[in-house]
Amino acid sequence: MHVRIVAVLRALSAVLLTLSGAGPHLVAQDSRIERTVDIAGNYLYGNNDQLILAARASIARKDTLFGYRVESRYLIGVSGSNGVRRMDRRSWLVSGSLDRRPEDRHSQFLVASAEQSFELRINSRINAGVGYKYVIDCDTTYQLDASTAVVGEWSALPPLTALGAGAAVQRLQLLRLSNRLRYRNQFTDKMNVDHVTLLRPRIDDWSNLLGSSQTSVGYLLSGRTSLRLTFQNDYDSRSRARGARSNHNGQMLVGAAAKF
């Protein structure tokens with residue numbers, strides 16, 4: 001089966017190369033708009049086979065006054081042995097932001113997101129809020145920035161396992177403090193790294209914590225297409241209490257990304 005997975009990833013890479021190479025026959029577009037498609041996967045085999053496939057798409061634009069970014073991602077994972085398969089990961093996330101003066105050292109932004117996660121036991125979670133970003137240091141090849149935001153959260157979550165199977169779904173409304181640190185560096189003409197850490201404690205209960213960390217290393221294959229190695233970890237301090245096997249959900253993914 002791993003041979004088929006490799007063939008699929010190669011085919012997807014070819015599609016991305018085709019998309020990134022399309023140019024003269026397309027309608028002229030605003031050069032400040034960046035569209036990205038990222039398709040990745042991971043396959044382990046042996047005593048317990050595991051397959052993870054992930055897709056990500058985003059569109060972003062910025063100038064001296066305003067900038068925006070909309071991103072969506074989807075992940076599914078299947079594992080099993082002796083011919084018995086089960087789905088143990090399925091999640092999606094849609095997020096968006098609107099920045100005022102994004103190229104300044106100080107900027108303000110609006111942010112919103114919606115997500116669902118089978119593995120972290122999230123039926124639905126919606127966030128929206130306002131924040132402030134500060135660029136700590138930057139030059140032509142790297143940037144380090146930090147931001148903080150106050151966001152409202154509206155969640156529908158499975159009942160706590162301690163309450164029994166007949167308990168009602170939890171419907172929560174609360175405020176979180178969202179703190180993000182991002183580092184980007186273009187080491188060479190072909191290699192770059194992008195790291196984001198996000199911590200979101202509940203304002204009135206810091207033991208109720210959400211977090212995520214993503215580190216991505218890219219190697220440029222052409223002007224618009226690159227190979228990408230990504231480590232992603234999501235954390236929810238209350239997931240196990242809702243029946244999840246762990247409060248963490250992490251994966252290492254290898255794939256291809258195209259900008260056009």
Side-chain angles (χ1 to χ4, degrees), residues 34 56-73 75 91-117 119-138 143-160 169-184 194-216 232-242 244 247-250:
E34 181 181 276
R56 183 191 303 264
S58 67
I59 180 170
R61 181 187 185 277
K62 68 178 181 179
D63 54 31
T64 56
L65 294 178
F66 289 99
Y68 69 81
R69 181 179 182 85
V70 178
E71 180 176 299
S72 64
R73 75 183 194 195
L75 181 142
S91 62
W92 60 263
L93 170 71
V94 178
S95 62
S97 62
L98 177 64
D99 297 66
R100 179 179 178 273
R101 298 190 179 279
E103 297 181 350
D104 290 0
R105 184 173 289 272
H106 304 267
S107 61
Q108 302 79 41
F109 60 90
L110 300 174
V111 64
S113 67
E115 65 177 312
Q116 185 181 75
S117 174
E119 56 271 26
L120 292 178
R121 300 300 187 263
I122 302 168
N123 292 352
S124 66
R125 177 177 281 151
I126 299 173
N127 293 278
V130 59
Y132 163 81
K133 185 181 78 172
Y134 175 68
V135 178
I136 299 172
D137 194 13
C138 68
Q143 179 172 317
L144 176 66
D145 62 69
S147 66
T148 187
V150 176
V151 298
E153 179 182 301
W154 298 265
S155 298
L157 305 172
L160 301 176
V169 171
Q170 304 177 76
R171 299 190 181 277
L172 306 177
Q173 299 182 28
L174 52 92
L175 289 176
R176 291 190 183 275
L177 188 64
S178 179
N179 305 289
R180 191 192 77 168
L181 182 69
R182 183 173 188 179
Y183 172 73
R184 289 171 287 180
D194 191 338
H195 173 81
V196 179
T197 294
L198 180 67
L199 296 175
R200 294 187 291 168
R202 180 170 175 169
I203 285 181
D204 57 349
D205 180 8
W206 282 48
S207 66
N208 186 337
L209 176 66
L210 307 178
S212 67
S213 176
Q214 177 179 292
T215 302
S216 181
Q232 173 78 40
N233 182 61
D234 297 314
Y235 176 79
D236 186 327
S237 63
R238 303 299 171 89
S239 287
R240 292 190 65 184
R242 300 192 299 266
N247 291 332
H248 291 272
N249 177 37

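For this chain, numbers begin at 1 and follow the sequence in order. Scope of the values below: all heavy atoms of this structure, side chains included, with no hydrogens, waters or symmetry mates.
If you take CH2 on Trp154 and CG on Leu174, they are separated by 9.5 Å, rounding to the nearest 0.5 Å. Here the OG atom belonging to Ser237 is positioned 6.5 Å from the CG atom belonging to Leu210, to the nearest 0.5 angstrom. How far CD of Gln143 is from CZ of Arg184: 4.5 Å, rounded to the nearest 0.5 Å.
Partners of Tyr183 by ring pair (Phe, Tyr, Trp, His ring centres under 6.0 Å), not counting sequence neighbours: none found. Considering only residues two or more places apart in sequence or on other chains, Pro159 meets the side-chain contact (heavy atoms from CB on, under 4.5 Å) condition with Ala167. Residues that satisfy the side chain to side chain donor-acceptor pair (under 3.5 Å) test with Gln214, not counting sequence neighbours, are Arg56. Checked against side chain to side chain donor-acceptor pair (under 3.5 Å), Asn127 has no partners two or more places apart in sequence or in another chain. Remark: Glu103 pairs with Lys62, Thr64 by the side-chain contact (heavy atoms from CB on, under 4.5 Å) rule, at least two apart or across chains. With sequence neighbours excluded, the residues satisfying side-chain contact (heavy atoms from CB on, under 4.5 Å) with Ser107 are Lys133. In terms of the side-chain contact (heavy atoms from CB on, under 4.5 Å) criterion, residue partners of Ile203 (sequence neighbours excluded) are, by chain and number, Val150, Leu175, Leu177. For Tyr134, the ring pair (Phe, Tyr, Trp, His ring centres under 6.0 Å) partners at least two apart in sequence or on another chain are His106. The side chain to side chain donor-acceptor pair (under 3.5 Å) test applied to Ser207 returns Asp205, Arg238, not counting sequence neighbours. In this structure, His195 has no ring pair (Phe, Tyr, Trp, His ring centres under 6.0 Å) partners at least two apart in sequence or on a different chain. By the salt bridge (Lys or Arg N to Asp or Glu O under 4.0 Å) test, Asp234 pairs with Arg73, sequence neighbours left out. Checked against side chain to side chain donor-acceptor pair (under 3.5 Å), Ser216 has the following partners two or more places apart in sequence or in another chain: Arg228, Thr230.
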Apply side chain to side chain contact (heavy atoms under 4.5 Å, CB included) to residues Asp145 and Arg180 and explain how you reach the verdict. CA-CA 8 Å; Asp145 62 69; Arg180 191 192 77 168; 3.4 Å; yes
Any chance you could lay out the side chain to side chain contact (heavy atoms under 4.5 Å, CB included) test for Arg101 and Leu65, step after step, and finish with the verdict? CA-CA 4 Å; Arg101 298 190 179 279; Leu65 294 178; 3.8 Å; yes
Side chain to side chain contact (heavy atoms under 4.5 Å, CB included) for Asn247 and Asp236? Distances and angles first, verdict last. CA-CA 5 Å; Asn247 291 332; Asp236 186 327; 5.7 Å; no
Please test Leu75 against Gln232 for side chain to side chain contact (heavy atoms under 4.5 Å, CB included), starting from the C-alpha separation and ending with a verdict. CA-CA 11 Å; Leu75 181 142; Gln232 173 78 40; over 6 Å; no
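Checking side-chain atoms of Arg105 against main-chain N and O of Ile136 turns up a donor-acceptor pair under 3.5 Å. Side-chain atoms of Ser239 come within 3.5 Å of backbone N or O of Leu120 as a donor-acceptor pair. With Gln116 contributing its side chain and Asn123 its backbone, the two residues share a donor-acceptor pair below 3.5 Å. Arg242 places a side-chain N or O within donor-acceptor distance of the main-chain N or O of Arg121, the cut-off being under 3.5 Å. Here the side chain of Gln170 pairs a donor or acceptor atom with the backbone of Pro158 at under 3.5 angstrom.
Under 4.0 Å is where a charged nitrogen must lie from a carboxylate oxygen, and between Asp194 and Arg182 at least one such pair does.
Atom CZ of Arg171 is surrounded by 12 or fewer heavy atoms from other residues, nucleotides or ligands within 6.0 Å. Under a cut-off of 6.0 angstrom, the local environment of CH2 in Trp206 is sparse, with at most 12 non-hydrogen atoms contributed by other residues, nucleotides or ligands. Under a cut-off of 6.0 angstrom, the local environment of CZ in Arg240 is sparse, with at most 12 non-hydrogen atoms contributed by other residues, nucleotides or ligands.
Minimum interatomic distance between Leu93 and Ser113 (heavy atoms only, all atoms of both residues): CD1-CB, 4.2 Å. Closest approach of Arg100 to Phe66, counting heavy atoms only: CA-CD2, 4.2 Å. Closest of all the heavy-atom pairs between Phe109 and Tyr132 is CE2-N, 3.4 Å. Summarising the geometry of Tyr68 relative to Leu98, their closest heavy-atom pair is CB-CD1, 4.2 Å, with the distance given to 0.1 Å.
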